[in-house]
Every structure is written in C-alpha cells, then in structure tokens.
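Below: the structure, in structure tokens.
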Amino acid sequence: MSYLFGVDYYPEHWPRERWAVDAKMMREMGISIVRMAEFSWAKWEPREGEFHFEDLDEAIDVLAREGIRCILGTPSAAPPAWIIRRNPEIQPVDSTGRRLSFGGRHHDCQSNAVYRAHIRRFVTAFAQHYAKNPNVVGWQVDNELGNSHDDLCFCPSCEAAFRTWLKNKYGTVGELNRRWGTAFWSQDYASFDEVEAPKATVCGHNPSHQLDWRRFCSDLVLDFHKMQADILRAAAPDMFITHNEMGFSDKVDYRRLGQQLDFASHDQYPGGHFLADQSGRHIDWDAAPLDFIRSTMQRPYWIMEQQSAITGWEILGRTPQPGRLALWAMQSIAHGADTVIFFRWRSCVMGTEQYWHGILPHSGVPGRYYQEIAAFMREQGPMLAKIQGAMPKNDVAILFSYDQNYAMRIQPHHLDLRYTDHLMTYYSALMRAHVPVDFVGEEQDWSRYRVLIAPLQFLMTPELAAKLHAYAQNGGTLVLDMRCGVKDGDNIAISDDELPCRVRDLCGLTVTEYDCLRDIDVDIVWDGERYVGRMWADLIAPDAAETLAVYGSEFYAGTPAITRSAYGEGCAYYIGTQMSPALADRFVRELIGRAGLVPLAEADADVEVVSREKDGVRWLFAMNHTGEAKTAKTAAGDIALGPWGFEVIETKI
Ligand code: GLA
Ligand code: ZN
C-alpha cells in the first residue's frame, strides 16, 4: 500500500465527538495517512506501568473507518511530569552546568539509564499493543532527534558515557593525550576518569576534545534511537521505521541514522521556519535540505511535516500568499518526496504552538489553506502515485561532511564563516543556472558524478586524500577550495607537508600564506571582469595549475585566486576564497563549459527546474517562486508558469 498525502494529527487536543468529523473531512480531502501520538506520554501512561491506550485505539479506529492509516511516534521527546518529579536527574544539563526544567519539551538526557528504563517500559508496552493493529503501519522514534539539544547534555551520566566512548576509541589515556595534543596548556590526563565533557571554561577549549565531543553526541543519539528501534522492530517486524529529520541540522549524522531506518523523512518549513520574507529569495535554502535528505539514504524520502499555513510560536511569520503552499508542497515532491504529510490538521487552541497554524484554523471551519491544499492533493495525486520511487540523475555532487562542519563550527576562523553557508554559495549558483545537484558523504560512491564540489576540506585524512586523488584520476572534475588540507582527523594541524596538505600535487599548487578577510572583501579579476571574494584569501603559488582568476586588491593583487590543474583523466579546481554570488555564477559558467554540464532550463534565477526519473520516464518540474508570470525554456519545450505556479512535464527517455 502506498500513501500520497497525510496530516499530523493530535486527537488528544480535541473532544472525541469531533474525531469522526475530522476523519471524514480528511478522507474527502485526499488524506490516507496520519502521524500521531509523539507528544502524549502523560495520556497513555498517567502513572508508572498503568497504560491507557483506549483513546488512541479509538482515534485509530475512527480514522480507519475512513480508510486512513497511522504512523505512531514514540513520546520520548516529552517525558511526563510524574517521571521528572520522581527522577529529576533525567533533566538535561547545559554547558554551564545549569539543569533545565520541565514545562517545554526535550527536557531529557539521552544517556541517562533511569530515563532509558522508563522509555523501555513505555515503548515495549506501546509496541506490543499496536504490533498487530493493521491500521498502524509505521513508527517514528522520538521527534526531530537533536532539536533543542545543541548545548546539551553535560550531565554526569553523559560525561561517563563520553569517557567510555573515549576508552573504546583510544584504548589508553596516553594515546588520547597524544592525539588530542594535551601537551598544550598542561592538559595531560593521568586516567580517563579525569577527562570531562567540554563544559564552559574560563577561557578557550581544546579543538580535538571538542571534535570528539560532537562525534560522541551524534553516536549517543544513534544509540538512543537504536534502543527504541530495536524494541519496535522486534515487536512489529513488518512496520516501517522512519524519522522526521531537519535538513542540515548536525547534532546527529543522518547518513548513519539512515542505517536504522526504512526511509528518511524531513520536516519542511520554507523560509526557515518563520516566513519573514515573502519573496521567493530563500528558494535555495528551502531546496537544499530536501536534496540533502534524499542523499542521506540515496532514495526518495517522506515529508513528515510540510508547512500548511502561517507558522509561529510567540512571534508569527507572514501568511503564505495564494498558491504558495501548493508550490512548496510541489518543491518537496520535485526534490524526491514520495509522500507529503502536512503539519498540522488544525491550529491548536492551547500550548506553545497556538500560532503554528494547521490546514484548519482554530475554528475548524475550512478556509483558504484547506481549499488550496485540497486542490493540490486532488490535482497532483495521480502524478505523485506514478512518480513514487523515481530519483534524479544529477551530474554534480556537493560533499557534505559532518566532521568538516563540526571542525569549522569549533574554529570558524572568521566570525561570519559557516560551513553550510559556504556550501550554499555553490549550491545557490548551480540552482540559479538550473543545474540540479546531489549531496554526498565521504563514504559514499562519487564515481557517477561528473563534478564533485568538496568545499572546506579542512580535515584531510590520508583516506580522504586518496579518495579525492582517485576521483580526479578517473576523470572527475574536482573542486577544492580555501582551508583545504589543514588538519588531520584529530583536529591537529598537519606539519609534514605544506598547504593544501596531502592534495598539493592534485591541485598543482602550494598555498604559501593566507589572509582572514576581517571587515573587508577582496577583488577578484576573471577575464578582465571584477568580482568579489569574501572571508578568506589563500595566497597561491601554482606549479602545474593554470590561473583562471587573480586577486584584484590587497598586497597580493595580481596573484592567483582560482586555478585549474589537470590530474589523471580529470582535473582539480582550487578556489582560494569564498565566492560572492556573481563570482560563483561565473565559476558555474566555467564548469558548464568545461565539464560538459547540461542545465535543465534557460530561465530566470527564481524559476526552479529539477527532475526525477524511473523506468524510462522523466518528470521535469518547473516552479516559479515569484508573483509574476515566467517562462522556462527546456528541452521539453517552453513552459509557461503563472505567479507562484508550477508545471510537471512527463517525457520518455
Ligand atoms: C517541529 C516539530 C513539531 C512542531 C513544529 C512546529 O517541526 O517536529 O512538533 O513543533 O516544529 O513548531
Ligand atoms: Zn545527560
């Protein structure tokens, strides 16, 4: 059975007499699946071991009568007050040692053994109760794992788990001392028991220690998920397990989480949760997380929460203009969604999220959002049914690395330099040129991509260096840039080579000096045209590399800024700075010209064009993220697009 559209539903927020009305309206609208239960532990287990699933059973039955099936979330993102009162030690502790309180959500420590025992008891009962219910088809463990936990948890239990993790990794404390470089500032440890979580210090921190902490935190979330997933799988082997992920959020490595899932899901709130800017200018930031989530398991994903109205908690975003909700849902499908579940069915009358609106307003009376989403489901359902399983065949991949991201977060160099922003300079330019991309990880297979863009390869392990060499050797076009080959995998600067360490031969150059561009930009000159570089300038001494662009200001004016070097059957570009949008556009033109990339369309930058294919059929999605009419010229002909409009063109390949 396949599902096209769904909603997130909270029957426990509404009188039971309303449930049948909701279910009927959902069915009439085209909804066949709902996600429920992920925040209602207190209702299902009001006292320890006393389970009351009667209400949830009834809600599931009411929905089933309309042919609607359910995904159930385990409620571990919101432990009830009675658990917190009995075991206050499960409340998480931030890096300053402050214990956080009950009253919101995510007030849990994921390593705490007592909390895990509570979860095991609940999830076992929950799984056994629903394992044989034919109307429950899948599970979601917890909710948005990692959300709110950025500065959590530094409690004694997490610290002990960190020490165990370190022992497993290093074996002896002497090895840890060596790899962390504890000779600096007298940080040598005599035993693992002396090692703490990297809590707030008076001044500074050891970057190697911090990097391991972030890796440990990701592993802890994976372990927390696995404990629940194992219970669910054992009780209900035929049900699927998915997780509602958050795009580039980095608390947990989603590629590794994917190894525990049947498929990935993602929560999609265009405009970055709160739509402050109603223009389509953020389309790149809306699209990239979709491409990223698709790449984590290299298969289509579900949207577990698709924006369905105004978003807001204490402060509200703007109202989506007519056509916008449908366009956003189409964008999710265009990038690889097989099923779209809208958040939420009806705006909630109580609690923190009273203004995170649903398809229905507080009154329950269908309005514009309902009409628009219902029409979308009706009109696009047949297309979505056919396309399920289809994937894009993209020629360009961007390497997204959790480790590089962590390392750059620990030492951003420049106050405004962020790993994901930097990756987005490439993504956005390719999107403006209508060249769609995949993301890949270090461990994935890169060989099918014509172009691999590997920004900020700050940590250069011998394995990564070998893989980058092999990629170019075998004919790939590789793009490397600033802060490449600076450190080893332990976050210690490499000292037996010059920059970019371990890939100098590949790039055909040496970086002899660098300049962190605090408060200034640098001019870049390419074919007589002037552009701008930001954040950083590598001073480059080329040997085999040809110079494409030079710096146009500062004492290094006239020296290379962007180079290209043949290597094996392929080549490596090196970019010594962060490119401004115009410069990135120029660079993408270079790639299109020399790497043989074929844009999917000729169209304005705010018209998005991507594709998915399967079984000899290709669907071309053209989406107009503006309020004016536009045209996209494509191989399948000219596509006329109304304001906030889209078209899907099906062709044989
Ligand atoms: C997230 C959560 C939901 C809800 C929405 C709106 O995506 O998963 O539970 O809180 O945000 O805030
Ligand atoms: Zn903890």
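Counting starts at 1 for both ligands and their atoms, in listed order. Everything numeric in this text was worked out from a predicted model, so none of it was measured.
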- Task: Indicate the ring-plane relationship of Phe248 and Trp285, choosing parallel, tilted or perpendicular according to the 30° and 60° boundaries.
- Result: perpendicular

- Message: Under a 3.5 Å threshold, yes or no: a donor from one side chain and an acceptor from the other, between Tyr10 and Arg35?
- Response: yes

- Protein residues that have a heavy atom under 4.0 Å from any atom of ligand 1, sorted by chain and number: Phe39, Arg105, Asn143, Glu144, Asn244, Asp267, Tyr269, Glu305, Trp313, Phe343, Glu353, Trp356

- Message: Just to verify, which of Arg612, Arg299, Arg294 counts as forming a salt bridge (Lys or Arg N to Asp or Glu O under 4.0 Å) with Asp338?
- Response: Arg612

- Would Phe53 and Tyr130 count as a close aromatic pair, with their ring centres under 6.0 Å? yes

- Query: Between atom CH2 of Trp139 and atom CD of Glu38, what is the distance when rounded to the nearest 0.5 Å?
  - Reply: 13.5 Å

- Tell me the protein N, O or S atoms under 2.8 Å from the Zn ion (ligand 2), in chain and number order. Cys109 SG, Cys153 SG, Cys155 SG, Cys158 SG

- His225 versus Gln260, side-chain donor and acceptor atoms under 3.5 Å: yes

- Looking at residues at least two apart in the chain, or sitting in another chain, which of them share a salt bridge (charged side-chain N to carboxylate O under 4.0 Å, His left out) with Lys169? Asp212

- Is Arg116 paired with Asp223 through a side-chain N to carboxylate O contact shorter than 4.0 Å? yes

- Query: Going by the side-chain hydrogen bond (donor to acceptor under 3.5 Å, both in side chains) test, which pairs reach into residues 356-368, not counting sequence neighbours?
  - Reply: Thr319-Arg368

